[in-house]
Amino acid sequence: MSDEKKDFIREIIASDLESEKHAAPITRFPPEPNGYLHIGHAKAIGVNFGIAAEYADLGARCHLRFDDTNPVKEDTEYVNSIKEDIAWLGYDWKEHLYFASDYFDFFYDCAVALIEKKLAYVDTQTPDEIRKQRGNVNEVGTPSPHRERTVEENIELFKKMREGGFQDGGAVLRANIDMESFNMNMRDPVLYRVVHAHHHNTGDKWCIYPMYDFAHPLEDAKEHITHSLCSLEFENHRPLYDWVVENCPVPSQPRQIEFARLNIGYTVMSKRKFIQLVDEGHVSGWDDPRMSTLSGMRRRGYPPEAIRSFVKTVGLTKQNSLTDLSLLEFEIRQHLNKVALRKMAVLDPVKVIITNYPADGSEKVEVPNNPENEECGSRELTFAREIYIEREDFLVDAPKKFFRLRPEGAVRLRGAYIIKHVGHEVDENNEVTEIHCEMIPDTIGQPAPEGVKCRTAIHWVSDCDAIDAEVRLYDRLFTEELPDSAEGGYLNCLNPASLKVIHGAKVEPSIAAMTQGERCQFERLGYFCADLKDHDLTKPVFNRIITLKDSWGKKK
RNA sequence: AGUCCCAUGGUGUAAUCGGUAACACAGCUGAUUUUGAUUCAGUCAUUCAAGGUUCGAGUCCUUGUGGGACUGCCA
């Protein structure tokens with residue numbers, strides 16, 4: 001275990017180890033396979049797998065357990081995507097892959113044990129009647145008329161439930177706890193319900209399914225989970241969790257600890273909303289690069305390392321918070337700055353003709369692949385008479401502090417010559433169509449000669465070997481920091497500019513070697529990722545992962 | 001309205017037994033720079049409120065205030 005500051009959960013674990021309550025922590029990540037994982041899950045994954053990794057030398061481990069107790073919502077498609085996302089993040093559950101549905105017999109036996117202890121009974125009232133009797137936060141509940149059934153009766157009825165003797169909603173097994181409890185979860189909660197549905201794992205073997213509150217503590221106990229970490233919303237469920245552990249024949253006593261879930265601005269974080277965004281066509285799919293799903297972030301090009309360090313920096317507390325996106329963005333940029341190879345791409349090209357350079361001439365110039373890391377080597381670029389630069393890098397009416405190309409001004413082409421503006425052409429809309437420049441000889445690798453003002457270097461590509469590419473620029477999906485609080489709901493504040501597709505981008509030839517998912521920096525523009533699905537050598541497609549920081553853009 | 005949980009710079013967090021409130025991000029200023037990036041230096045800014053205990057309170061107590069969870073046969 002490292003010397004780093006421990007959060008409250010790691011403190012508890014350390015103290016449980018100290019007191020020898022446990023020899024090693026055993027944690028679990030227990031998703032329901034009913035949707036794709038999102039950045040919020042990454043926090044839970046990082047916490048649970050992270051803790052296990054920190055105590056690996058003691059034999060700690062983290063289970064991946066699919067909490068599949070509701071057949072109507074779950075599907076194998078999701079178990080596969082969840083596994084893929086966890087592996088992508090860099091975590092390994094090793095042989096500890098479990099399904100709650102593999103424990104159905106165990107749950108059933110525990111239910112029977114509760115019945116025998118008079119701690120559970122079958123209620124054959126309608127859902128509506130049961131709801132009314134539960135009362136509300138101000139009023140105590142009233143006991144079910146079926147609460148006093150005999151053990152024999154209950155055993156009989158429970159068996160009938162299992163054997164298909166009831167329609168959906170016809171009967172439930174309830175815990176016999178306290179209808180007057182301040183905690184609604186303790187007012188004789190439902191333990192089992194009848195659902196005649198096909199289960200992705202158990203098929204049609206069962207027509208009764210355990211509720212989360214009953215199943216979860218039993219799953220944890222069965223797997224000898226020591227610390228069952230979940231989000232704050234389950235705080236009020238903990239007494240029931242403990243009740244189940246205490247009253248059922250279980251092999252271990254897990255402890256539930258709650259922590260605050262991750263909230264991030266300008267995005268939504270619920271399966272229901274993701275589904276709506278996909279179904280209504282606001283995004284292209286679960287893996288749309290604007291989505292905060294892990295599959296979306298992967299496709300966008302976010303490095304898993306950055307997500308992991310992000311999760312680490314947001315910490316672990318019981319405080320509800322709204323984390324600023326800039327914390328994640330910092331981690332992404334920091335990681336990519338170190339590893340991404342630099343390339344040149346012009347997104348909005350305007351042609352520059354070097355009038356004093358021979359039309360049939362060309363030469364190789366050498367540029368570093370990553371100035372941050374010499375070991376990344378360098379590559380050759382071809383300089384020729386006709387090149388492209390970014391339209392916004394030439395301003396006819398440039399402000400004083402504009403460092404790039406202006407009429408009669410000079411600017412360096414990154415890795416190549418300093419060029420000097422001698423003229424340009426415009427179309428009927430006064431849009432620049434072509435720029436004429438002269439190169440200043442002997443300025444490659446050399447400082448600007450006396451009398452030439454040149455404050456920066458701009459990126460460029462040669463017309464002769466540039467590759468056309470599609471580039472997709474992404475912005476936040478919503479215009480409000482809290483989309484859910486927006487007037488008219490989150491769909492009402494969708495950002496119309498969240499996706500901008502550029503078709504005529506010109507990119508240096510070295511991208512021909514890039515494969516799907518590979519990341520690079522397009523100098524001065526940002527970090528980009530060859531699209532995981534659409535990119536190929538005949539039709540390159542890049543996603544902008546994130547822009548570079550831009551203190552000039554802000555001042556403008 | 002009841003029960004439970006939470007409250008530290010703009011954001012996320014830290015602060016050992018009650019003993020100098022700190023770190024990262026963001027912002028701002030400057031230096032360096034063949035990426036207006038990076039890097040470097042500096043800077044702004046913090047204990048929800050009121051009482052109490054104490055030599056001393058972010059930390060303990062009381063009362064407020066603000067936020068969150070709970071009234072599924074979802075998880």
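Residue numbering restarts at 1 for every chain, and letters A, B, ... go by the order of the sequence lines.
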Is it true that A:Glu366 and A:Arg379 have a side-chain N and a carboxylate O under 4.0 angstrom from each other?
no
Take a 6.0 Å sphere around NZ of A:Lys159 and say whether it holds more than 12 heavy atoms from other residues, nucleotides or ligands.
no
Aromatic plane relationship, A:Tyr192 with A:Tyr108 - under 30° parallel, 30 to 60° tilted, over 60° perpendicular
perpendicular
Using the six-membered ring wherever Trp is involved, compare the ring planes of A:His199 and A:Tyr209 and label them parallel, tilted or perpendicular (cut-offs 30° and 60°).
parallel
Mind checking who B:rG2 pairs with, Watson-Crick or G-U wobble, both distances under 3.5 Å?
B:rC70
Salt-bridge criterion met for A:Arg65 and A:Glu219 (N-O under 4.0 Å):
yes
Report yes if at least one side-chain N or O of A:Lys318 is closer than 4.0 Å to OP1 or OP2 of B:rU13; otherwise report no.
no
With syn defined as a glycosidic angle within 90° of 0 and anti as everything else, classify B:rG64.
anti
Mark up nucleotides 16-24 of chain B, 5' to 3', with B wherever a protein heavy atom is under 4.0 angstrom from a base atom, S wherever such an atom reaches only the sugar-phosphate, and - elsewhere.
---------
Taking 5.5 Å and 30° as the limits, would you call A:Trp552 and the base of B:rG36 a stacked pair?
yes
State which residue, out of A:Leu548, A:Val339, A:Thr547, fulfils the side chain to side chain contact (heavy atoms under 4.5 Å, CB included) condition with A:Tyr527.
A:Leu548
Taking only Lys NZ, Arg NE, NH1 and NH2, and the carboxylate oxygens of Asp or Glu, determine whether A:Arg147 and A:Asp123 approach each other closer than 4.0 Å.
no
Applying a 4.0 Å non-hydrogen cut-off, can you work out what A:Phe234 is touching in the nucleic acid: base, sugar-phosphate, or nothing?
base
What distance, rounded to whole Å, do you find between the two C1' atoms, one in B:rU54 and one in B:rU62?
16 Å
Tell me which residues in residues 163-172 of chain A put a heavy atom below 4.0 Å from RNA chain B, sorted by number, or none.
A:Gly169, A:Val172
Does A:Gln319 make a side-chain N or O approach to OP1 or OP2 of B:rA7 shorter than 4.0 Å?
yes
Under 4.0 angstrom, heavy atoms only, what part of the nucleic acid is A:Gln446 near: base, sugar-phosphate, or nothing?
base
Spacing of the C1' atoms in B:rG64 and B:rG9 (rounded, Å)
25 Å
Checking all strands, does A:Glu11 fall into the base, sugar-phosphate, or nothing category for heavy-atom contacts under 4.0 angstrom?
nothing
Among B:rU35, B:rA15, B:rG36, which nucleotide has an atom closest to any side-chain atom of A:Lys5?
B:rA15
Taking the P atom of each, how far is B:rG58 from B:rA50, in whole Å?
13 Å
Does the separation of the ring centres of A:Tyr241 and A:Phe234 fall below 6.0 angstrom?
no
I'd like to know if A:Asp178 and A:Arg187 make a salt bridge, using a cut-off of under 4.0 Å between side-chain N and carboxylate O.
no
Provide the distance between the two C1' atoms, one in B:rU13 and one in B:rA49, to the nearest whole Å.
23 Å
Considering every strand and a 4.0 Å limit on heavy-atom distances, what is the contact class for A:Asp324: base, sugar-phosphate, or nothing?
sugar-phosphate
Remember a base hit wins even if backbone is also touched, and classify A:Asn236 as base, sugar-phosphate or nothing at under 4.0 Å, heavy atoms.
base
From the options B:rG2, B:rG36, B:rC74, select the nucleotide whose nearest atom is closest to the side chain of A:Glu32.
B:rC74
Could you tell me how far B:rU39 sits from B:rC6 if I compare only their P atoms? Round to whole Å.
38 Å
Please work out which of the three classes, parallel, tilted or perpendicular, describes the rings of A:Phe394 and A:His421, given edges at 30° and 60°.
parallel
As a test of reading the structure: which of B:rG67, B:rU35, B:rC70 is closest to the side chain of A:Glu523, going by heavy atoms?
B:rU35
NA contact type, A:Gly141, heavy-atom cut-off 4.0 Å: base, sugar-phosphate, or nothing?
nothing
Name the nucleic acid region contacted by A:Thr317, choosing base, sugar-phosphate or nothing; use a 4.0 angstrom heavy-atom cut-off, strictly under.
sugar-phosphate
Among the nucleotides B:rA75, B:rC5, B:rU35, which one has an atom lying closest to any side-chain atom of A:Glu235?
B:rC5
With heavy atoms under 4.0 Å as the rule, sort A:Phe402 into base, sugar-phosphate or nothing.
base
List in chain and number order the residues that pass ring-ring contact (aromatic ring centres under 6.0 Å, His included) with A:Phe383, two or more places apart in sequence or in another chain; answer none if no residue qualifies.
A:Tyr357, A:Tyr417, A:Trp460
Chi-based syn or anti call at B:rC17, which uses purine or pyrimidine torsion atoms and a 90° bound
syn
If you look at every strand shown and take non-hydrogen atoms under 4.0 Å, does A:Ile458 touch a base, only sugar-phosphate, or nothing?
nothing
Scan A:Arg131 against the nucleic acid and name what it touches under 4.0 Å (heavy atoms): base, sugar-phosphate only, or nothing.
sugar-phosphate
Give one of base, sugar-phosphate or nothing for A:Leu173, where a contact means two heavy atoms less than 4.0 Å apart.
nothing
